[in-house]
Amino acid sequence: MNRDTFTGRLMQSDSCRKALTLFVYPLIAVVSLCLGFFYYCAFKANVIGLPGLLLSALPFIACLFVGALLLIKEQHDPAICFVVIGVPAVAAFGLFMLPANVPDEASHIWQAASLLSRNSNGFDVVSCFQIGQFPSSYADYFNAMTQRTDWSSVFVCHTYLGSYYPHLYFIPGVILGFAQQTGSNAFMLLSVSRVCAGLVYCFAAYWIIKLMPVGKNAVLIFLLNPILLQQEASVSADSVANIVAILYVAVVVKVYAESLYSYRSLLVLMLLSAILLLSKIMFFPLVLLNLIHWKKLKGTDSYKKFICSFFAIAFVASCAFVFFYHGSFMPDSFDLMRAPLHCTKVFIKSIWEMGPFWFQSYAGYNLGALSINVWPFCFWLYIILQSVVLFYNDENNKKLFCSTDRFVMIAVAFVNFFLIVMTMRNWTLTVDKREDIIMGVQGRYLFPLVLPVLLNILRPIKSSSEGHVLFGSSLLMSTILLVDFISILSAF
């Protein structure tokens, strides 16, 4: 065998292995979990016995074994490691976390179920999606899946989320629309739509890790956050908004790191900016991350002057806008910001009192609608793991950002965080009746803002590999998700 023949076979072998990992393994994982979910629900409904349940679990157990082998084989590829762990995780969340148990999911299901007919005057939604009609146990869910859905029975929904555009509900909207047209079971197709949303996230996350020039191990752990996986494997506008915002950060960093300055890059950034604006306006300030490109385009001499001038002008313009604006958009928030000292006190007190809750609701101290208690050890293990891989990993992370870059990125994240907190001022006044702090913000709102901060904490310039950190952290992350999965099973 000559060298060219050997190289060709090796490349063919690598291509086959990648195809098996990226397509065959996810397909087997999803199918085995769907089978296991149906039979587990049947077991809880006393339709089958324990032997039947154990038999149905065999494909998933075999899938776990194959996943472990793939982690060993691909332990130097963070993107593949994400696929191996993430696909079963989102499928499990999408199936076993029963619908309407993710925060605000019922409202989003209504939007998706009436995607083309929803309006502010009220719209019809199939009655089985009404509050109080969602199954609360696996036994109830089995009964719901095995009964015919009466699509002619509807209720009038007045919860219109007009700020969320149709593209955010495209996947569940199409699947539920198909279910209605064919008369299929609503809950069975609802579960399918949640799993499909999770798989789209896995596809996006794979390319996000591929795009990242540094910190791939840290980004892997970040993207496997249990709350983020739960959010992505649900019917929610945020599942798309998070993907767009995180992808935007990754593209900005990629363009900056490799100086990919061309009309094509400009077009991509402009397109992503437009999609980001249409997906979730509260994440639009992330567009300011593009300020770091000034150094590469214009040189370092004027960089600090430009950044200082920009932020000074932006601050003055913002103050003028806050002072003169008296419209109907967030009037309570603008009233608060027109009193700077009081606003500062309220903001600091909000961080002091609500900070622990934001931290817990970001890292998965509770799952579901913050009602499923997980083993606290898993919560702290995830925090420790996310912190450790920033400083101890298998990558030769070059020094990517200068001190001015860090200032820009952290300042943008902070300003965005401040604006997100301010959006909940009216909600706090009307619901919680609190004037001294701002409540209503959850850690799940902050994922796109955390990524720039993590990248700036990342340890630079490593001369050698620490060895097997990616494999070890992947195993730990798998263990965390598996234990969290057990907590979900026990909740229903």
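Residue numbers count from 1 along this sequence.
Just one of Asn217, Leu470, Val219 meets the side chain to side chain contact (heavy atoms under 4.5 Å, CB included) condition when paired with Pro78; it is Leu470. A ring-ring contact (aromatic ring centres under 6.0 Å, His included) with Tyr365 is found for exactly one of Trp358, Phe379, Tyr382, Phe357, namely Phe379.
Within 6.0 Å of CZ on Phe203 lie no more than 12 heavy atoms contributed by other residues, nucleotides or ligands. Atom CZ of Phe170 sits in a sparse spot, with 12 or fewer heavy atoms from other residues, nucleotides or ligands closer than 6.0 Å. Counting heavy-atom neighbours within 6.0 Å of Leu271 CG, excluding the residue itself, gives a total above 12. Around OH of Tyr165, the count of heavy atoms belonging to other residues, nucleotides or ligands within 6.0 Å does not exceed 12. Within a 6.0 Å sphere centred on CH2 of Trp427, other residues, nucleotides and ligands contribute more than 12 heavy atoms. Atom CG of Leu341 has 12 or fewer heavy atoms from other residues, nucleotides or ligands within 6.0 Å. Other residues, nucleotides and ligands contribute only 12 or fewer heavy atoms inside 6.0 Å of the CD1 atom of Ile281. Within a 6.0 Å radius of NZ in Lys304, no more than 12 heavy atoms belonging to other residues, nucleotides or ligands are found.
Using cut-offs of 30° and 60° on the angle between ring planes, the pair Phe414 and Phe418 is parallel. Aromatic ring pairs are classed by plane angle as parallel below 30°, tilted from 30° to 60° and perpendicular above 60°; the pair His293 and Tyr261 is perpendicular.
Side-chain atoms of Asn426 do not come within 3.5 Å of backbone N or O of Pro331 as any donor-acceptor pair. Looking only at distances, a side-chain donor or acceptor of Ser350 sits under 3.5 Å from a matching main-chain atom of Ile438. Not one N or O on the side chain of His342 forms a donor-acceptor pair closer than 3.5 Å with the backbone of Pro340. Distance alone, capped at 3.5 Å, is enough to place a donor-acceptor pair between the Lys433 side chain and the Thr430 backbone. In this structure a side-chain-to-backbone donor-acceptor pair under 3.5 Å is present from Tyr25 to Val84. Side-chain atoms of Asn119 come within 3.5 Å of backbone atoms of Ser117 as a donor-acceptor pair (strictly under, hydrogens ignored). Using modelled atom types, no side-chain atom of Gln180 and backbone atom of Leu176 make a donor-acceptor pair closer than 3.5 Å. At distances below 3.5 Å, not a single donor-acceptor pair connects side-chain atoms of Arg118 with backbone N or O atoms of Tyr160. Between the Asn242 side chain and the Ser239 main chain, no donor and acceptor come within less than 3.5 Å of each other. In this structure, Arg194 contributes its side chain and Pro172 its backbone to no donor-acceptor pair below 3.5 Å.
The CD1 atom of Ile307 lies 10.5 Å from the NZ atom of Lys295; values are rounded to the nearest 0.5 Å. Atoms CG and CG, from Leu115 and Leu168 in turn, are 10.0 Å apart once rounded to the nearest 0.5 Å. Between atom CD1 of residue Ile488 and atom CG of residue Leu98 there is a gap of 10.0 Å, rounded to the nearest 0.5 Å. One finds the CZ atom of Phe129 at 4.5 Å from the CG atom of Leu190 (value rounded to the nearest 0.5 Å). Note: Ile372 CD1 to Asp484 CG = 10.0 Å, rounded to the nearest 0.5 Å.
Identified under the side-chain hydrogen bond (donor to acceptor under 3.5 Å, both in side chains) test for residues 308-325, with sequence neighbours left out: none. Among residue pairs with one or both ends in residues 331-348, those qualifying as salt bridge (charged side-chain N to carboxylate O under 4.0 Å, His left out) are Asp335-Arg338; sequence neighbours excluded.
Counting heavy atoms from C-beta on, the side chains of Val374 and Val483 never come closer than 4.5 Å. The closest side-chain heavy-atom distance from Met422 to Met337 is below 4.5 Å. With a 4.5 Å cut-off on side-chain heavy atoms, Phe155 and Phe123 do not count as touching. Within the 4.5 Å cutoff, the side chain of Arg406 has no heavy atoms near those of the Pro452 side chain. The closest side-chain heavy-atom distance from Val83 to Pro26 is below 4.5 Å. At a threshold of 4.5 Å between non-hydrogen side-chain atoms, the residues Val90 and Gln230 do not count as touching.
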Full working for side chain to side chain contact (heavy atoms under 4.5 Å, CB included) between Leu451 and Phe447: CA-CA 7 Å; Leu451 182 56; Phe447 285 112; over 6 Å; no
Residue pair Ser487, Leu367: steps toward the side chain to side chain contact (heavy atoms under 4.5 Å, CB included) verdict: CA-CA 9 Å; Ser487 300; Leu367 294 175; 5.5 Å; no
Verdict with supporting geometry, Phe82 and Tyr206, ring pair (Phe, Tyr, Trp, His ring centres under 6.0 Å): CA-CA 7 Å; Phe82 177 88; Tyr206 173 83; 8.7 Å; no
Stepwise side chain to side chain contact (heavy atoms under 4.5 Å, CB included) check, Leu161 with Ser107: CA-CA 8 Å; Leu161 305 180; Ser107 300; 4.2 Å; yes
Derivation and outcome, salt bridge (Lys or Arg N to Asp or Glu O under 4.0 Å), residues Asp405 and Lys296: CA-CA 11 Å; Asp405 296 332; Lys296 294 288 185 74; over 6 Å; no
Working for salt bridge (Lys or Arg N to Asp or Glu O under 4.0 Å), residues Asp432 and Arg434: CA-CA 5 Å; Asp432 292 302; Arg434 294 284 300 270; over 6 Å; no
From CA spacing to verdict: side chain to side chain contact (heavy atoms under 4.5 Å, CB included), Ile227, Ser361: CA-CA 8 Å; Ile227 293 291; Ser361 58; over 6 Å; no
Test log, rule side chain to side chain donor-acceptor pair (under 3.5 Å), inputs His167 and Ser279: CA-CA 8 Å; His167 72 284; Ser279 297; 3.2 Å; yes
Working for salt bridge (Lys or Arg N to Asp or Glu O under 4.0 Å), residues Glu435 and Arg425: CA-CA 8 Å; Glu435 194 278 334; Arg425 176 64 171 175; 2.9 Å; yes
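Centroid-to-centroid, the aromatic rings of Tyr303 and Trp294 stay 6.0 Å apart or farther. A distance below 6.0 Å separates the ring centres of His108 and Tyr169.
The minimum heavy-atom distance between Ser473 and Val389, with the atom names listed, is CB-CG1, 4.1 Å. Here the closest heavy-atom approach between residue Ser193 and residue Val235 is recorded as OG-CG2, 4.0 Å. Heavy atoms only, all atoms of each residue included: Ala100 and Ile109 are closest at N-CD1, 4.3 Å.
Looking at Tyr256 and Asn290, their side chains never bring a donor and an acceptor atom within 3.5 Å of each other. Side-chain contact of Asp238 with Tyr445: a donor-acceptor pair under 3.5 Å is absent, judged by distance alone. Gln231 and Ser236 are linked by a side-chain donor-acceptor pair at a separation below 3.5 angstrom, with hydrogens and angles left out of the test.
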